[in-house]
Protein chains: 2
Amino acid sequence: MTSGTGSDDGLAEGLIDLAHHVLHLFADVGRAHRLSQQQVELICAVIVRDSIGMSELGRILHVEKSGLSNLVDRLEQRGLVTRYSDPADRRATRITLTGEGTTTAMTIYNDVTSRVRGLIAGIPQNQRRSTLSAVRAMTGDAPAGR
Amino acid sequence: MTSGTGSDDGLAEGLIDLAHHVLHLFADVGRAHRLSQQQVELICAVIVRDSIGMSELGRILHVEKSGLSNLVDRLEQRGLVTRYSDPADRRATRITLTGEGTTTAMTIYNDVTSRVRGLIAGIPQNQRRSTLSAVRAMTGDAPAGR
DNA sequence: TATTGTTATACTCTATAACTATA
DNA sequence: TATAGTTATAGAGTATAACAATA
């Protein structure tokens, strides 16, 4: 983790630093709305899907089902999301944004994406495609995309 | 955040995904030792420096001073780190690893770095230098390194 | 019997403010 | 007066296990 001593010439430290940058960005965006990083991530995951099941949401956020229950509880109490029963499987619960939730989510989502694009803006155009393939290689995504 | 819809061709989502991968790696490594992600990050920050001041540590971990106090408390109670007063400035406190802390830290540090290298291993050799420069561009580091 | 989610418990993290001691 | 760190409090996240309803 010291600079330049590893055989990777600092890539490892750089990645760790970058990970902090990205996740702190979620926290910073949320702060203005008194939402935590996790709450912002949940809202962003819901808005791009319109509605989503608890299990899938847990997988996306890497959160245990009990923790997710609490997370959704807090957002439901604040009137931002609603639970409803999945008609196809009565054990399952799905989540959507309320009207107020949608308004908040749009603001937050635009803010998050514009900040991420702000990071990307630092990379010269002609390097972006190779950066994407490197990122996908690290996360285990097929180079062709998912 | 949906794939391929943005003008960045998925780089934004990829970066967010990567950030999760990297930070979950800290959490996963810690789990085996019953240490949280934050505790692993603190230990890794101390071991590469031998000793470190609270203020600097707070900056590295992006943690408020009060939160850091608690974090150090818990690790001190578990016998992994020790506080001592900075002789140069009697307001300041510095942190070092205990004997047991050093043993644990070495295991953890090796585990973290080998996992990060595992991520990097997915990137073709000839792309690593440009990836590093892209990463630095995003975190605001000068291309020449810090 | 296995799965989906909720509840309970206990611990950890985060944020803010008030406080002590040094500078 | 400013800075370093601690303490207190309250809300939020995480991990485990026990549980009810449904498949």
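Hydrogens, waters and symmetry mates are skipped; everything else that's a heavy atom, side chains included, is used.
- A:T93 comes within 4.0 angstrom of the backbone, heavy atoms only, and of no base.
- Separation of atoms CG (A:D28) and CZ (A:R115) is listed at 5.5 Å; rounding is to 0.5 Å.
- Rounded to the nearest 0.5 Å, atoms CD1 (A:I120) and OG1 (A:T131) are 9.0 Å apart.
- Within a 6.0 Å sphere centred on CZ of A:R83, heavy atoms belonging to other residues, nucleotides or ligands number more than 12.
- A:R31 comes within contact range of the sugar-phosphate backbone alone, with a heavy-atom separation under 4.0 Å but no base atom that close.
- Spacing between atom CD of A:Q77 and atom P of D:dG11 amounts to 11 Å, rounded to whole angstrom units.
- The footprint of chain A on DNA chain C, defined by a heavy-atom cutoff below 4.0 Å, extends from C:dT3 to C:dA15.
- Looking at which nucleotide of DNA chain C each of A:R91 and A:M54 is closest to, the 5′-most match is held by A:R91.
- Atom CD1 in B:I47 sits 6.5 Å away from atom CE in B:M106 (nearest 0.5 Å).
- When rounded to the nearest whole Å, the span between CZ of B:R34 and P of D:dA15 equals 10 Å.
- A:R78 places its CZ atom 12 Å from the P atom of D:dG11, with the value rounded to the nearest Å.
- In this structure, NZ of B:K65 is placed 8 Å from C1' of D:dT3, rounded to the nearest angstrom.
- If you measure from atom CG of A:L80 to atom C1' of D:dA12, you get 15 Å, rounded to the nearest angstrom.
- Among the protein residues, A:Q37 comes within range of no part of the nucleic acid, since none of its heavy atoms lies under 4.0 Å from any strand.
- Within the nucleic acid shown, B:D89 comes within 4.0 Å of sugar-phosphate atoms alone, with no base atom in reach, counting heavy atoms only.
- Residues B:R94 and A:P87 each lie close to DNA chain D; by heavy-atom proximity, the contact nearer the 5' end of the strand is made by B:R94.
- Residue B:S55 is classed as a sugar-phosphate contact, given heavy-atom separations below 4.0 Å to backbone atoms only.
- Nucleotides of DNA chain C nearest to A:G53 and B:V63 differ in position, and the one nearer the 5' end is that of A:G53.
- Between the P atom of D:dT14 and the CG atom of A:L42 lies a distance of 12 Å, rounded to the nearest Å.
- Close to D:dT22, at under 4.0 Å from its OP1 or OP2, lies a side-chain N or O of A:R90.
- Here the P atom of nucleotide D:dT7 and the CG atom of B:D73 are 6 Å apart, to the nearest Å.
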Donor-acceptor pairs are to be reported for all side-chain atoms of residues 92-102 of chain A against protein atoms at under 3.5 Å, with residues two or more places apart or in another chain.
from   : atom 1 : to     : atom 2 : distance (Å)
A:R94  : NE     : A:S51  : OG     : 3.1
A:R94  : NE     : A:Y84  : OH     : 3.4
A:R94  : NH2    : A:S51  : O      : 3.2
A:R94  : NH2    : A:S51  : OG     : 2.9
A:T98  : OG1    : A:G79  : O      : 2.6
A:T98  : OG1    : A:L80  : O      : 3.3
A:T98  : OG1    : A:G101 : N      : 2.9
A:T102 : OG1    : A:T98  : O      : 2.8

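- Rounded to an integer number of Å, the gap from CG of A:L61 to P of D:dA12 is 17 Å.
- Atoms NE2 and CG, on A:H21 and A:L18 in that order, are 7.5 Å from each other to the nearest 0.5 Å.
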Only pairs under 3.5 Å count here: list side-chain donor-acceptor contacts from residues 36-43 of chain A, not counting sequence neighbours, and write none if there are none.
from  : atom 1 : to    : atom 2 : distance (Å)
A:S36 : OG     : A:Q39 : N      : 3.2
A:Q37 : NE2    : A:E41 : OE2    : 3.1
A:Q39 : OE1    : A:S36 : N      : 2.9
A:E41 : OE1    : B:H20 : NE2    : 2.7
A:E41 : OE2    : B:H20 : NE2    : 3.3

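- With hydrogens and angles disregarded, a donor-acceptor distance shorter than 3.5 Å links the side chain of B:R128 to the backbone of B:I123.
- B:L71 comes within contact range of the sugar-phosphate backbone alone, with a heavy-atom separation under 4.0 Å but no base atom that close.
- At a cut-off of 3.5 angstrom, the base of D:dT14 holds no donor-acceptor pair with the side chain of A:S66.
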